[in-house]
Structures are given as structure tokens and as C-alpha cells.
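So the structure is just underneath, and the comments pick up after that.
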Amino acid sequence: MALYLRRAMRLRNTVPITLDSRRGFAKPKKPKDDSAGSTMELAPDIGPSVQASASSQMDAAIVALSRELAKLRTGRASAGMLDHIIVETDGLKMQLNHLAVVSVIDSKTLSVNPYDPNTLKALESAIVSSPLGLNPKVDGERLIAAIPPLTKEHMQAMCKVVAKSSEDVKQSIRRARQKALDTIKKAGSSFPKDEAKRLEKEIDELTKKFVKSDDELCKAKEKEIAQG
């Protein structure tokens with residue numbers, strides 16, 4: 001009987017120990033992260049910056065075209081036609097419009113009024129040396145430049161220059177468009193597809209607008225050349 005009781009006591013003491021030890025080595029459960037997957041990274045709105053950059057580049061191309069066309073002499077007097085001429089005075093080279101005021105007397109005559117009368121000879125020399133084919137005359141403290149009529153050959157040559165300038169600027173506009181589209185493409189999945197398509201359409205409309213400006217400027221210049 002005593003032996004039976006001792007065995008029963010050993011069995012009772014053994015069972016709890018075994019269960020406790022198993023519970024002691026059990027891996028704790030990780031708390032559920034309710035926030036996982038509940039947050040969404042918002043895509044940056046690249047639209048305004050892409051549009052602004054493309055518009056700035058396209059506008060710069062049109063401004064450059066306008067300046068180039070102004071350099072081309074036609075049969076009509078234009079105050080800006082002498083702006084690009086470089087004048088050397090006192091060892092310095094400066095644009096003519098920094099040294100004198102050019103005004104239109106009539107459709108065939110320009111007046112060049114220097115800020116400093118001492119630069120009159122330098123201004124005269126620079127104008128004569130330019131490819132415009134002008135021979136100004138000294139009139140007191142100013143120069144008077146008569147605009148000679150254009151020859152047929154000169155007209156044709158000028159129209160070719162206008163056409164080349166037009167195409168060069170259109171290429172610059174298209175490059176700005178492609179750069180904008182590449183930026184949109186690089187945004188990838190972080191930029192919603194419907195927003196990307198909308199932005200691409202707006203860039204295309206912007207491109208058409210500046211190409212139209214190019215055409216209008218060049219057609220106006222060609223008309224001016226044709227009128228002699």
C-alpha cells in the first residue's frame with residue numbers, strides 16, 4: 001500500500017512539471033499589426049512642375065526665334081534690325097543698342113543716335129561692316145541709314161534662313177515635349193495612369209500652341225521680306 005501511494009505521488013508531481021515546462025518554451029504570439037497595409041503612399045503631383053518646365057523651354061525657343069528673325073534685313077526699316085551689331089569702342093565690344101538709340105524715321109530710313117557722340121565713328125564702321133548692306137551717313141551727332149530695296153536673290157536667301165530657323169525651333173519645342181513625356185514615364189506606377197494620360201494630353205496641347213507661334217512668326221517675316 002505504501003509503495004502504491006509513493007508511485008501515485010510521483011505521478012501527480014511529474015505531470016504538472018512537464019506541462020509547465022512545455023508552456024515555458026512556447027513561442028509568444030506576435031500582436032497583429034492592424035496598421036499594416038492600411039497606409040498608402042501618396043504619389044507626388046508632378047503635373048505643375050512638368051508643365052512649367054516644358055512651357056519655359058518652349059517659350060525660350062520662341063524668344064530666340066524672334067531675336068533671330070529680327071536680325072534679318074528686309075526692305076522696310078525696323079528699329080531692332082541693328083540690335084545684334086557688335087561695336088568696338090575703347091577696346092570694348094558692345095551691342096549697338098547699348099551704345100545708341102535706333103528709331104524709324106520712315107519705312108525706308110533709320111536714325112542712330114549715340115549716347116556718347118564720341119562713339120559715332122565706331123557705330124558707323126560697325127554698321128557698314130555688318131552683312132545688312134547699309135551705308136549710313138553722318139548727320140550732325142547722329143547717323144542716317146537708308147534701307148536699300150531687296151534683290152530677288154536676297155529675298156530667296158532670306159526666306160531659306162527663315163525656313164531653317166523655323167525648323168530648328170520646332171525641333172527644340174519637340175525636344176522639350178519629349179523630355180516632359182520621359183519625366184512622366186519615369187514616374188511609373190507612383191503616378192496614376194489617368195493623371196499621366198491627362199498630363200500627356202496637356203503637354204501635347206502646349207506643344208501645338210508653341211509650334212503655331214513658330215509658324216505665325218515665320219509667315220509674318222516671309223511676308224515682310226516679300227513686300228521688299
(message) Going by salt bridge (charged side-chain N to carboxylate O under 4.0 Å, His left out), name the pairs with one or both residues in residues 210-220, residues two or more places apart or in two chains.
(response) K170-D215
(request) Kindly write out the residues that satisfy salt bridge (Lys or Arg N to Asp or Glu O under 4.0 Å) with E205, not counting sequence neighbours, or none if the list is empty. (result) K208
(request) Decide whether I127 and V101 are clustered together by the hydrophobic rule: side chain heavy atoms of Ile, Leu, Val, Met, Phe, Trp, Tyr closer than 4.5 Å, transitively. (result) no
(request) Name all residues meeting the side chain to side chain donor-acceptor pair (under 3.5 Å) criterion together with E222; count only those two or more places apart in sequence or in a different chain, and write none if there are none. (result) none
(request) Only counting residues at least two apart or in another chain, list the ones meeting side chain to side chain donor-acceptor pair (under 3.5 Å) with S53. (result) Q57
(message) Applying salt bridge (Lys or Arg N to Asp or Glu O under 4.0 Å), can you list everything that pairs with D204, at least two apart in sequence or on another chain?
(response) R177
(request) Determine the minimum heavy-atom distance between L150 and I225, stating which atoms define it. (result) CD1-O, 4.0 Å
(request) Just jot down the side chain to side chain contact (heavy atoms under 4.5 Å, CB included) partners of T109, sequence neighbours excluded, or say none. (result) I105, D106, I144
(request) Output every pair passing salt bridge (charged side-chain N to carboxylate O under 4.0 Å, His left out) with a member in residues 150-165, not counting sequence neighbours, ordered by first then second residue. (result) K164-D168
(message) Show every salt bridge (charged side-chain N to carboxylate O under 4.0 Å, His left out) that has at least one partner inside residues 47-68, sequence neighbours left out.
(response) E68-K71
(message) Enumerate the side chain to side chain donor-acceptor pair (under 3.5 Å) contacts for residues 119-147, please, sequence neighbours excluded, ordered by first and then second residue.
(response) S111-R142, D139-R142
(request) Scan for salt bridge (charged side-chain N to carboxylate O under 4.0 Å, His left out) pairs involving residues 180-196, sequence neighbours excluded, and state none if there are none. (result) E195-R198
(request) Please name all residues satisfying side chain to side chain donor-acceptor pair (under 3.5 Å) with E167, sequence neighbours left out, ordered by chain then number. (result) R174
Just distance, no hydrogens or angles: give the donor-acceptor pairs under 3.5 Å from side chains in residues 77-90, sequence neighbours left out.
residue: H84; atom: ND1; partner: M81; partner atom: O; Å: 3.4

(request) Following the transitive rule for hydrophobic clusters with a side-chain heavy-atom cut-off under 4.5 Å over Ile, Leu, Val, Met, Phe, Trp and Tyr, establish whether L69 and L96 coincide in one cluster. (result) no
